[in-house]
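Please read these numbers as outputs of a predicted model, since none were measured by experiment.
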Amino acid sequence: MKKKILYAAAVLAALLFIWLGNEGSKPLVLKGTDLNQTAGVSDYTGLIAIDETAAYYGMFAYTDDYVLDKGTYTIRPEYSNTSSDNIIEVWDNGTKVAQWSLESTDGVKTTLDYTFTLDKT
């Protein structure tokens, strides 16, 4: 009888540690220093800058691959720009899931929320 109680207590303790360590319950926060940068200039604060004089067109930063569960997610970029032709895209296994235009902020730092849903089967 004592062994059964110890076994049950061990199983419950293991489940508790798994539940406490669930990374899905924590927000995934990435700064510019966490991104894979393909263009622009970055600094230690996480800022990635591309000057208008560079006349750069294309992807300038992307994340590593992350496995996300089915559900609704929010992207909250902090940015400033002076044109309206910048976009954020979310891709899942080679398929574009969402895209948003980042409106001009006239160089003022702005934070906006963009929500998307992953309908994995």
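Between N86 and S101 the shortest side-chain heavy-atom distance does not fall below 4.5 Å.
Taking the side-chain hydrogen bond (donor to acceptor under 3.5 Å, both in side chains) definition, one finds that S80 meets it with nothing, sequence neighbours left out. Every residue two or more places apart in sequence or in another chain that forms a salt bridge (Lys or Arg N to Asp or Glu O under 4.0 Å) with E89 is listed here: K96. A search for ring-ring contact (aromatic ring centres under 6.0 Å, His included) contacts involving Y62 returns nothing, not counting sequence neighbours. Remark: T95 pairs with no residue by the side-chain hydrogen bond (donor to acceptor under 3.5 Å, both in side chains) rule, at least two apart or across chains. Taking the side-chain hydrogen bond (donor to acceptor under 3.5 Å, both in side chains) definition, one finds that T110 meets it with nothing, sequence neighbours left out. Residues that satisfy the ring-ring contact (aromatic ring centres under 6.0 Å, His included) test with Y79, not counting sequence neighbours, are absent from this structure. Under the side-chain hydrogen bond (donor to acceptor under 3.5 Å, both in side chains) criterion, W100 pairs with no residue at all, not counting sequence neighbours. Applying the side-chain contact (heavy atoms from CB on, under 4.5 Å) rule to S104 yields the partners N81, S84, D106; only residues at least two apart in sequence or on another chain are considered.
Interatomic distance, R76 CZ to T115 OG1, rounded to the nearest 0.5 Å: 9.0 Å. Here the OG1 atom belonging to T72 is positioned 8.0 Å from the CG atom belonging to D119, to the nearest 0.5 angstrom.
Applying the salt bridge (Lys or Arg N to Asp or Glu O under 4.0 Å) rule to pairs touching residues 78-88 yields nothing, sequence neighbours excluded. Sorted by first then second residue, the salt bridge (Lys or Arg N to Asp or Glu O under 4.0 Å) pairs that include residues 55-64, not counting sequence neighbours, number zero.
One hydrophobic cluster holds both L68 and V97 under the rule that ILVMFWY side chains link at heavy-atom gaps under 4.5 Å. Side-chain heavy atoms closer than 4.5 Å link hydrophobic residues (I, L, V, M, F, W, Y) into clusters, and following such links, even through other members, never connects I75 to W91. Linking Ile, Leu, Val, Met, Phe, Trp and Tyr whenever their side-chain heavy atoms come within less than 4.5 Å puts L118 and Y114 in one cluster.
The environment of D113 atom CG is dense: over 12 non-hydrogen atoms of other residues, nucleotides or ligands sit within 6.0 angstrom.
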